[in-house]
Amino acid sequence: MIQLSQEHLQNICTHAESTYPEECCGIILGYMANDGKTVVEIMPTENAWNTEAAAEFSGEHTAESKKRQYAIAPEVMLKTQKEARDRSLNIIGIFHSHPDHPAIPSECDRLYAWPGYSYIIVTVQNGKAGELRSWSLDDHHQFQAEAIENII
């Protein structure tokens with residue numbers, strides 16, 4: 001389970017709408033506990049997907065554009081990880097959008113996902129954010145739906 005506030009949900013949706021028709025992405029900071037994850041901060045990032053990023057990945061989808069792919073620059077992840085640690089927080093997940101597609105992970109999403117993280121996906125239909133779902137990897141590196149609990 002992942003717990004987040006209405007403000008966190010709104011921040012994700014606003015970022016997704018602002019980048020449409022391209023995918024948005026960002027980092028989720030918070031705490032991990034036995035009963036789930038608690039979001040403290042949503043950090044929108046630039047979608048760094050480009051031909052150089054594509055070269056780092058293998059597979060049939062690497063040539064696709066930011067409309068179907070996202071990447072967070074490694075230096076952004078490293079800087080965020082250091083800042084989070086200084087604040088006694090963890091990176092607990094990643095969020096991104098699926099423009100004009102369901103909030104269901106793609107095969108590419110699965111291939112490059114990390115165990116332990118939550119992956120929040122929001123669908124954006126014609127520029128308007130819609131369904132938002134969270135996913136996490138199981139022991140077989142398959143995505144399973146993760147419950148979202150709104151907190152105040």
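Just so you know, these numbers use all the heavy atoms, side chains as well, and skip hydrogens, waters and symmetry mates.
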Tell me whether E46 at atom CD has more than 12 heavy atoms from other residues, nucleotides or ligands lying less than 6.0 Å away. no
Can you tell me if CD on E83 sees more than 12 non-hydrogen neighbours from other groups inside 6.0 Å? yes
Within-4.5 Å side-chain heavy-atom neighbours: T123 and P102: no
Which distance, rounded to the nearest 0.5 Å, do you find between the [atom1] of [X] and the [atom2] of [Y]?
X	Y	atom1	atom2	answer
T80	I27	OG1	CD1	3.5 Å
Q10	T14	CD	OG1	4.0 Å
L29	I91	CG	CD1	6.5 Å
R110	L137	CZ	CG	8.0 Å
N90	I28	CG	CD1	13.0 Å
T45	K79	OG1	NZ	12.0 Å

Where is the tightest heavy-atom contact between [X] and [Y], given as atom of each residue plus distance?
X	Y	result
T38	I151	CG2-CD1, 4.2 Å
D138	Q144	OD2-NE2, 3.0 Å
C24	A16	SG-CA, 3.6 Å
L132	C13	CD1-SG, 4.3 Å
W135	A103	NE1-O, 3.1 Å
H98	I104	CE1-O, 2.9 Å

Distance-only polar pair, side chains of S65 and Q69, donor-acceptor under 3.5 Å: no
Looking at N47 and I72, would you say the former's side chain and the latter's main chain have a donor-acceptor pair under 3.5 Å? no
Could you walk me through whether I2 and V39 satisfy the side chain to side chain contact (heavy atoms under 4.5 Å, CB included) test, starting with their C-alpha distance in whole Å, then the side-chain angles of each, then the deciding distance to 0.1 Å, before giving a yes or no? CA-CA 7 Å; I2 186 165; V39 176; 3.7 Å; yes
Go through the steps for N150 and H8 under the test side chain to side chain donor-acceptor pair (under 3.5 Å), then give the verdict. CA-CA 9 Å; N150 287 342; H8 295 138; over 6 Å; no
Does anything in residues 29-45 form a salt bridge (charged side-chain N to carboxylate O under 4.0 Å, His left out)? List the pairs, not counting sequence neighbours. K37-E146, E41-R87
[X]-[Y] co-clustered via ILVMFWY side chain contacts under 4.5 Å:
X	Y	answer
V40	M43	yes
I121	Y117	yes
I94	V124	no
M77	L89	yes

Start with the C-alpha distance between I42 and F95, add both sets of side-chain angles, then the distance that settles side chain to side chain contact (heavy atoms under 4.5 Å, CB included), and finish with yes or no. CA-CA 9 Å; I42 296 294; F95 72 88; 3.4 Å; yes
Flag the pair R68 and E23 as a salt bridge only when some basic side-chain nitrogen lies within less than 4.0 angstrom of an acidic carboxylate oxygen. no
Please confirm whether the ring centroid of Y119 lies under 6.0 Å from the ring centroid of F143. yes
Given H96, which partner from the list Y112, W49, Y70 fulfils the ring-ring contact (aromatic ring centres under 6.0 Å, His included) test? Y70
